[in-house]
Amino acid sequence: MKRGAANAAVREAPRFLNAYYDDNAVVWVARDRGGSVVLKRMPVRSTVFFAAADVDTSTKHMLRNDSRVTAMRVDGQWLRVEFRDRHFAESVCEAFEKRGIKTYEGTVSPIRCLAADHDVQVARPRRAYLDLETDSRVPFSRKEEMRILCWSLADEHGVATSEILLDDDDAAERVLLGELWAKLDAVDQVLAWNGDRFDFPVLLARTKRCGLTPNHKRILWLDHLELFKRMNTMAAESGDEKTSYALNSIAMAVLGEGKDAFDASKTWQAWSTPECLNGLCMVCSSCMRRYCEKDTVLLHRLEVETGYVELLQTLCEACGTFPDSRGINPTNQAENMLLRIARKRGHRFRTRFLSNVAEGRQYKGAFVMEPQSKGVLTNVHVCDFKSLYPSIILSWNISSETRVVEPLRPMYLKTRPARQSNECEAATGTRFRTDVEGILPHAIAEVLRLREHWSRLKDSFPPGTHQWKDADRRSTAYKIAANSFYGIAGSPMSRFYDRDVAEAVTQCGVYLIKQTADKARNAGFFVEYIDTDGAFVMGCSRDEFELFVACCNAELYPKLLVACGCKENNIKLAYEKQFGRLVFVGAKKYAGSFVHYKGKDATADSKPEVKGLEYKRGDSSRLARRLQSEIVGSIIVRGEGADESLAIVDKWRRHVLVDPIDITDVSVAKTLSKPLTGYTRKVKKDGNDAKLPAHVEIALLLRARGRDVGEGAKVAYYCVDGSVSPKAYKPAEDWTGDCDRYDQWETFVWPPTKRLLESAFPEHDWSVWDKVRPRRQRTTRTKSVKHVGQLSMLGK
DNA sequence: ACCTGTGGCTACAGAG
DNA sequence: CTCTGTAGCCAC
């Protein structure tokens, strides 16, 4: 009976597509069986919880009689009070906290609170991919005046439809946008590349300008680029994929196919050009329209290839977060999930005030050991902890509310009181109760249990099938969620911020990896390198290392954890891989070839593993990446000696200094991490303005030209003269072939590879290639143009 | 209604 | 020339 009731509840758990605020209402969005949109309005209410015992009768009376309080009831140990206004609710919390009365969840947004109360489930939206072409003569800063010339919408099967503006007037644009919104009636989720920063605001601004009033809040606006960045940063193989987030570059890297050769900065001219007959001119209105359609088709194909949108959907379903751009944010996801899990246990979190955010101080993090040896290392074994931080949280029962707050003790008592039998002690000395499961461990256990469920289900399906992929995504989503909990505890922005909790986690990690390294040394092995949860070990066979790992799991960690007072042990070390050859350039920078990886032997075509080297970085020049990757191939993959590297470097030096060269070879791209106005120019001692970083100076130049360079933009530039101080740079778009090739070599291309070679073959002197600029050039102020590689300067 | 964390490396401009 | 602070990116 009971079970049947529970199942019914699960079946009837409300599923919604979205929720938004409208006037004083929360509006829930769903579709009925026929597919029509159903909106359900509820009044906005801000909920605050108090421990019922903390609030005396007269205070209750006062609350009950306040017209701003809409409801009040006792729910178990909690007193639940609902307010009409969220600002008033917050000020009530502040007033209570000031009087020493704790308040709970006072600043949780009403939608999130309702969703947690009713265990709202996230429905699967109807998805579409959008692209707009707008008047190229108008900058984004005047988006209200930016006429939309063309739109395209691709559906979930990648079928695109589009419309184009018929006349250059408001009436025609109104018709154009009316057609788009009519199409969007059937859509719940809209994706666009850079949508948050361009397509979405432009569409809304122009829609308003045209006097149309569609219900845009109903739609889940999801920036495909932001999603891609979040999901792909770790997956990207080389830096090539990270130099530009233009759809063209990403499509080339992921799909091997780019956009049409249409010049998007000339949309206005194209719109006013009658359509060509062959479809090849790329400067007419029909070519623009085709280009626009192709964009949306590419977005769809990108999703087919990566599955990132589906993964987000899965993650959002797991967390109870709606899959729009805000749903990408881990704080959001973890907050939703923790609130729900805590609620089921009757637990409430303390109110978080924005004023507390500033109080966050940095805390001690992971342990990183400098690599111990130079040269090409052979047979290096690597072990790592499985989900180190989640497993620490489980084992030490680390959570804010399980933390033991020590009473103040008199000065003469130097030693701490002994740890109680119901407490365990983290490496920071912080103690946690072990007789009550903490909310954080509980949530992690729950999430890992679900992960295990989907992981097992995945294995029951044939690999590659639809069900297999779905189960795989769900398993991945839960892993992501489990790993985000630690970060949330360490983030002052989050409701669950607890510095002591976060630091206890990292320092237990430090303790465990150091103990592991000690044991390896005692076994007679050599510990080469450590980073956070992994150790690189030499001087043993595969079997010996296997035994060592097993021994750590069977003896070392159980013993250590018992000594700390832990009641359970979730710590597990794994033998991850063995490198045949490995070179360390420094901490977090290495390249190696596998003998085996996770139990599978490497094959002849197994790729090397590269970490942190410039080859992996999006802010290196392509020439630098190419040379470095060739050297990795020689030293690591083929196991060649210094002579082969010598020949390769010589070849590349000539190439960099002499051969025809392209802008994509030499430019360097960096992200504006804040709005342009956020960079402050200092004044030098001589009274002149100091230079900002090169990419910021270039961005300012571009903005003066009317370009849109906002926060998050990648700015590509190259050096035209590295012999002066400060160096002279130009935007990549101004390319005339006039890059300073000596600087390109001396600054960007050679040093990264030199560091690699010095590490691999330290007995060699690699400095002979350091200086390639002719002497005369270094000393004279006026630049001579009569040297190799700078000939293009003559044209100017 | 936005922004998971710390540790480490590198380039650069400016100051001495 | 060396040293210091800023900024960006990457490993975990």
Side-chain angles (χ1 to χ4, degrees), chain A residues 20-21 86 107-112 196 230 233-234 236 239 242-243 325-326 328-335 354 357 360-371 384-385 387-389 480-481 483-497 499 501-503 505-507 509-510 513 529-534 585-590 609-620 624 668-674 678-686 688-697 711 714-715 719 722 725-727 729 743 746-748 751-752 755:
Chain A
Y20 59 90
Y21 297 106
R86 57 202 299 182
T107 50
V108 175
S109 83
I111 286 180
R112 184 166 296 176
D196 283 355
R230 179 80 65 164
T233 331
M234 274 142 52
K242 301 175 200 159
T243 50
S325 289
R326 276 194 293 148
I328 300 172
N329 177 346
T331 310
N332 236 319
Q333 296 162 0
E335 194 154 307
L354 274 174
V357 171
R361 287 179 4 262
Q362 265 220 326
Y363 56 89
K364 292 276 293 168
F367 174 61
V368 180
M369 189 178 94
E370 188 98 338
D384 66 349
F385 289 108
S387 302
L388 178 63
Y389 289 173
I480 293 172
N483 284 332
S484 69
F485 287 140
Y486 150 73
I488 302 307
S491 166
M493 268 294 163
S494 125
R495 178 172 311 283
F496 315 107
Y497 173 64
R499 200 179 167 281
V501 159
E503 195 164 54
V505 174
T506 60
Q507 296 317 294
V510 172
I513 195 77
Y529 171 67
I530 292 174
D531 187 350
T532 311
D533 64 348
V585 179
K588 297 178 187 290
K589 298 193 130 190
Y590 57 87
E609 180 166 78
V610 178
K611 297 285 188 186
L613 297 189
E614 286 71 9
Y615 166 75
K616 293 269 282 189
R617 295 177 66 103
D619 62 347
S620 58
V668 158
K670 286 197 164 89
T671 310
L672 288 176
S673 64
K674 46 188 172 184
Y679 295 88
T680 46
R681 203 182 276 284
K682 284 186 178 160
V683 179
K684 287 195 290 181
K685 282 272 156 101
D686 66 8
N688 293 320
D689 282 348
K691 281 267 188 213
L692 291 167
H695 70 296
V696 182
E697 293 288 354
E711 182 178 359
K714 276 236 187 240
V715 183
C719 179
S725 179
K727 292 185 176 186
Y729 300 99
D743 184 70
E746 290 182 3
T747 307
F748 294 113
R755 286 189 288 269

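Residue numbering restarts at 1 for every chain, and letters A, B, ... go by the order of the sequence lines. Because the structure is a prediction, the values reported are computed rather than measured.
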[X] side-chain proximity, nearest of [options]:
{"X": "A:Lys611", "options": "B:dG7, B:dC3, C:dA11", "value": "C:dA11"}
{"X": "A:Asp533", "options": "B:dG7, C:dC12, C:dA7", "value": "C:dC12"}
{"X": "A:His695", "options": "B:dA1, C:dG8, B:dT4", "value": "C:dG8"}
{"X": "A:Ser673", "options": "B:dG8, C:dG8, C:dG5", "value": "C:dG8"}

Contact under 4.0 Å: A:Lys364 side-chain N or O vs B:dG5 OP1/OP2: no
Any A:Arg230 side-chain N or O less than 4.0 Å from OP1/OP2 of B:dT4: yes
Counterpart residues, ring pair (Phe, Tyr, Trp, His ring centres under 6.0 Å), relative to A:Tyr729 (two or more places apart): A:Tyr717
Partners meeting ring pair (Phe, Tyr, Trp, His ring centres under 6.0 Å) with A:Tyr389 (sequence neighbours left out): A:Tyr486
Residues which pass salt bridge (Lys or Arg N to Asp or Glu O under 4.0 Å) with A:Asp743, listed by chain and number, not counting sequence neighbours: A:Lys727
Partner of A:Ile513 by side chain to side chain contact (heavy atoms under 4.5 Å, CB included), out of A:Ile530, A:Val368, A:Leu388: A:Ile530
Global bending angle along the helix from B:dG5-C:dC12 to B:dG16-C:dC1, which compares the axes of five pairs at either end, to 10 degrees: 10°
Distance, P atom - from C:dC12 to B:dC3, rounded to whole angstrom: 26 Å
Using atom names, set out every protein N or O paired with an N or O of nucleotides 9-15 of chain B below 3.5 Å, distance rounded to 0.1 Å.
residue	atom	partner	partner atom	Å
B:dT10	OP1	A:Arg755	NE	3.0
B:dC12	OP2	A:Lys727	NZ	3.4
B:dA13	OP1	A:Lys727	N	3.3
B:dG14	OP1	A:Lys691	N	2.6
B:dA15	OP1	A:Lys685	N	2.6

Set of side-chain hydrogen bond (donor to acceptor under 3.5 Å, both in side chains) partners for A:Thr671, sequence neighbours left out: A:Lys714
